[in-house]
Asks: 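Before I ask anything, let me first share the structure, which is written out below as structure tokens.
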Amino acid sequence: MAQKVEKSDSEWAKQLTPQQYAILRGKATEASFSGEYDSTFDPGTYRCAACGSELFASKTKFEAHCGWPSFYDSIPGSVEFHDDTRMDVVRTEVTCATCGGHLGHVFKGEELSTPIDQRYCINSLSLCFTPDNN
Ligand SMILES: [Zn+2]
């Protein structure tokens with residue numbers, strides 16, 4: 001699937017904070033328990049901090065005690081998956097399907113008590129939360 005939003009590195013650097021740029025474009029990881037959405041469970045929608053696409057619904061967010069916002073599912077078609085071989089184990093990187101921004105990783109088969117046995121481990125800095133109106 002072709003990305004719908006394409007910008008140069010210098011355009012992204014102007015739009016994003018240095019911390020957001022390091023994660024979304026440089027695939028860095030924020031420090032655990034540092035993110036503003038780690039323990040947020042208000043109803044609403046989590047959007048891509050770079051392009052604003054809707055990525056995760058708050059109803060799929062759960063407390064995984066891992067120090068990053070965790071979701072058991074993503075909004076259909078909103079994210080893409082890539083093998084990440086930067087560590088000894090192959091991890092599955094999650095990126096925004098619209099702009100290609102790095103969001104985090106997804107882990108499966110952890111025997112979590114969630115409706116789907118997978119954990120999207122996402123950087124708060126990659127997300128922008130929009131609360132529901134009611
Ligand atoms: Zn995006």
Side-chain angles (χ1 to χ4, degrees):
M1 187 161 56
Q3 290 170 17
K4 300 170 196 121
V5 175
E6 289 198 46
K7 296 187 184 186
S8 68
D9 285 345
S10 61
E11 286 175 308
W12 284 122
K14 270 185 226 156
Q15 178 191 332
L16 302 168
T17 67
Q19 292 88 348
Q20 287 176 320
Y21 183 84
I23 292 169
L24 283 156
R25 307 314 303 179
K27 304 185 191 300
T29 301
E30 70 191 11
S32 61
F33 300 102
S34 73
E36 67 173 310
Y37 301 132
D38 176 34
S39 49
T40 297
F41 290 94
D42 296 335
T45 304
Y46 291 86
R47 297 168 180 273
C48 175
C51 73
S53 296
E54 295 187 355
L55 301 175
F56 300 97
S58 62
K59 65 179 196 286
T60 65
K61 193 172 188 294
F62 67 101
E63 178 56 84
H65 304 286
C66 65
W68 292 277
S70 299
F71 306 85
Y72 62 76
D73 203 4
S74 53
I75 293 171
S78 69
V79 300
E80 293 182 338
F81 306 99
H82 314 268
D83 284 347
D84 177 356
T85 56
R86 290 181 296 156
M87 288 172 62
D88 288 344
V89 290
V90 177
R91 298 177 298 167
T92 303
E93 181 193 358
V94 181
T95 59
C96 173
T98 303
C99 73
H102 173 79
L103 304 173
H105 292 86
V106 61
F107 302 92
K108 299 186 183 191
E110 296 182 317
E111 300 185 0
L112 302 166
S113 56
T114 47
I116 304 172
D117 189 6
Q118 57 186 8
R119 173 172 62 90
Y120 286 83
C121 184
I122 304 298
N123 293 286
S124 289
L125 285 166
S126 298
L127 300 173
C128 180
F129 179 66
T130 307
D132 285 346
N133 286 325
N134 49 18

Asks: Once you round to the nearest 0.5 Å, how far does OG of Ser124 lie from CD of Gln19?
Replies: 12.5 Å
Asks: For the hydrophobic clusters of this structure (ILVMFWY residues joined by side-chain heavy atoms under 4.5 Å, transitively), does one cluster hold both Tyr21 and Leu103?
Replies: yes
Asks: Please report, to 0.1 Å, the donor-acceptor pairs under 3.5 Å made by any side chain of residues 69-76, with sequence neighbours excluded.
Replies:
unit_1	atom_1	unit_2	atom_2	d
Ser70	OG	Trp68	O	3.1
Ser74	OG	Tyr120	OH	3.0

Asks: Of the non-hydrogen atoms in Glu11 and Ser8, which two are nearest, and what is the gap between them?
Replies: OE1-N, 2.8 Å
Asks: Go through Arg119 and Phe62 one step at a time and tell me if the side-chain contact (heavy atoms from CB on, under 4.5 Å) criterion holds.
Replies: CA-CA 9 Å; Arg119 173 172 62 90; Phe62 67 101; 3.9 Å; yes
Asks: For Asp84, give me all partners under salt bridge (Lys or Arg N to Asp or Glu O under 4.0 Å), at least two apart in sequence or on another chain.
Replies: Arg86, Arg91
Asks: For residues 49-63, which residue pairs qualify under side chain to side chain donor-acceptor pair (under 3.5 Å), counting only residues two or more places apart or in two chains?
Replies: Arg47-Glu54, Ser53-Thr98
Asks: Kindly write out the residues that satisfy ring-ring contact (aromatic ring centres under 6.0 Å, His included) with Tyr37, not counting sequence neighbours, or none if the list is empty.
Replies: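 Partners of Tyr37 by the ring-ring contact (aromatic ring centres under 6.0 Å, His included) criterion, ordered by chain and then number, come out as Tyr46.
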Asks: About how many Å separate OG of Ser126 and CZ of Arg25, when rounded to the nearest 0.5 Å?
Replies: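 So the CZ of Arg25 and the OG of Ser126 are separated by 10.5 Å.
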Asks: Linking I/L/V/M/F/W/Y whenever any side-chain heavy atoms sit under 4.5 Å apart, do Leu127 and Val5 land together?
Replies: yes
Asks: Working to the nearest 0.5 angstrom, can you tell me the gap between Ser39 OG and Phe33 CZ?
Replies: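 Reported to 0.5 Å precision, the distance equals 9.5 Å.
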Asks: For Glu93, which residues count as a salt bridge (Lys or Arg N to Asp or Glu O under 4.0 Å) partner, sequence neighbours excluded?
Replies: Lys27
Asks: Which atom pair, heavy atoms only, marks the closest approach of Glu30 to Gly35?
Replies: OE2-CA, 3.8 Å
Asks: For the atom pair CG (Asp132) and CG (Asp42), what is the distance rounded to the nearest 0.5 Å?
Replies: 9.5 Å
Asks: I'd like to know if the side chain of Gln20 reaches the main chain of Ala49, judged simply by a donor and an acceptor atom lying under 3.5 Å from each other, with no hydrogens or angles considered.
Replies: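 Here the side-chain-to-backbone pair does not exist.
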Asks: Mind running side-chain contact (heavy atoms from CB on, under 4.5 Å) on Trp12 and Leu24 for me, showing each step along the way?
Replies: CA-CA 9 Å; Trp12 284 122; Leu24 283 156; over 6 Å; no
Asks: Write down the atom of Gly67, the atom of Asp38, and the distance for their closest heavy-atom approach.
Replies: C-OD1, 3.4 Å
Asks: Is there a donor-acceptor pair under 3.5 Å between the side chain of Asn123 and the backbone N or O of Thr29?
Replies: no
Asks: To the nearest 0.5 Å, tell me how far Leu125 CG sits from Leu16 CG.
Replies: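 The CG atom of Leu16 is 10.0 Å from CG of Leu125, to the nearest 0.5 Å.
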Asks: If you round to the nearest 0.5 Å, how far is CG of Asp117 from NZ of Lys108?
Replies: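 It is 10.0 Å, given to the nearest 0.5 Å.
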Asks: With ring-ring contact (aromatic ring centres under 6.0 Å, His included) as the rule and sequence neighbours excluded, what pairs involving residues 73-119 come up?
Replies: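 Of all non-adjacent pairs touching residues 73-119, those that pass ring-ring contact (aromatic ring centres under 6.0 Å, His included) are His102-His105.
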